[in-house]
Amino acid sequence: MSDIAGRSAQPPPVGTAHVVTLRGELDLLAAPALRARLDMLTAGPCPDLVLDLRPVSFIDCSGLGVLCRVRNRVRARHGRLRLVTGSTSLRRVLRHTGMAGVFELLPGMPVGVAGPPATDTVDRSVL
């Protein structure tokens, strides 16, 4: 799943948004590596995480489980999680699973958040 191996093992500094672009399928095969990476990014206090889901082509219950887990970790640490998606299918999945109001959904990348030093790309096709 990843360009994960080459990344630093340190969580981002407090007050810095970390952008993770997810690509491909968020399914049972992708979930363990994604969970591990997001756990690392949300280990510190007040994590600010932006997950760019626009390149995601499929998400199953395992992928939703990872999103719920990261949301709970971020909330427990008084941080912020934003999901960037223009996908009507993802919004439909969230609505049908009763999670429509659980996540902060954005149609595009927030202004001032994107930037190479704090951006990861996670791609399941590399698994």
Side-chain angles (χ1 to χ4, degrees):
M1 153 161 333
S2 124
D3 295 333
I4 292 175
R7 297 294 178 178
S8 166
Q10 297 296 323
V14 175
T16 302
H18 198 100
V19 178
V20 179
T21 301
L22 305 177
R23 299 182 189 285
E25 299 177 349
L26 302 184
D27 58 10
L28 184 61
L29 292 175
L34 178 59
R35 180 175 37 252
R37 178 64 181 149
L38 296 178
D39 280 358
M40 186 186 69
L41 293 173
T42 58
C46 302
D48 187 358
L49 189 59
V50 177
L51 299 181
D52 185 357
L53 303 176
R54 292 174 295 183
V56 170
S57 59
F58 174 80
I59 187 166
D60 70 3
C61 60
S62 299
L64 288 175
V66 172
L67 294 180
C68 288
R69 176 184 172 88
V70 74
R71 177 195 172 270
N72 292 340
R73 287 177 59 86
V74 166
R75 285 180 54 101
R77 289 163 177 79
H78 308 288
R80 185 175 185 191
L81 172 65
R82 291 167 278 180
L83 305 181
V84 178
T85 182
S87 169
T88 56
S89 62
L90 176 61
R91 291 176 187 268
R92 188 177 323 116
V93 167
L94 292 174
R95 189 173 53 252
H96 288 297
T97 57
M99 297 189 312
V102 171
F103 297 100
E104 182 179 351
L105 299 176
L106 304 173
M109 194 61 65
V111 176
V113 170
T119 302
D120 279 321
T121 299
V122 180
D123 189 342
R124 178 185 178 265
S125 66
V126 182
L127 279 177

Can you see which heavy atom on [X] is nearest to which on [Y], and at what distance?
X     : Y     : value
Arg82 : Ala17 : NH2-CB, 4.1 Å
Glu25 : Ala30 : O-CB, 3.5 Å
Val74 : Arg80 : CG1-N, 3.1 Å
Leu28 : Pro32 : O-CD, 3.4 Å

Straight-line distance of [X] [atom1] to [Y] [atom2], nearest 0.5 Å:
X     : Y      : atom1 : atom2 : answer
Leu38 : Arg69  : CG    : CZ    : 9.5 Å
His18 : Leu81  : NE2   : CG    : 13.0 Å
Asp52 : Leu106 : CG    : CG    : 10.0 Å
Thr85 : Phe103 : OG1   : CZ    : 12.0 Å
Leu90 : Ser57  : CG    : OG    : 11.5 Å
Met99 : Leu67  : CE    : CG    : 7.0 Å

- Can any side-chain N or O of Arg77 pair as donor or acceptor with the backbone N or O of Thr42 at less than 3.5 Å? yes

- Do the side chain of Arg71 and the main chain of Val102 share a donor and acceptor less than 3.5 angstrom apart? yes

Determine whether [X] and [Y] make a side-chain contact, defined as any pair of heavy atoms from C-beta on separated by less than 4.5 Å.
X     : Y     : result
Val84 : Thr21 : no
Leu53 : Ile59 : no
Ser87 : Val56 : no
Pro47 : Leu41 : no

- Item | Leu26 with Phe58, same ILVMFWY side-chain cluster at under 4.5 Å | no

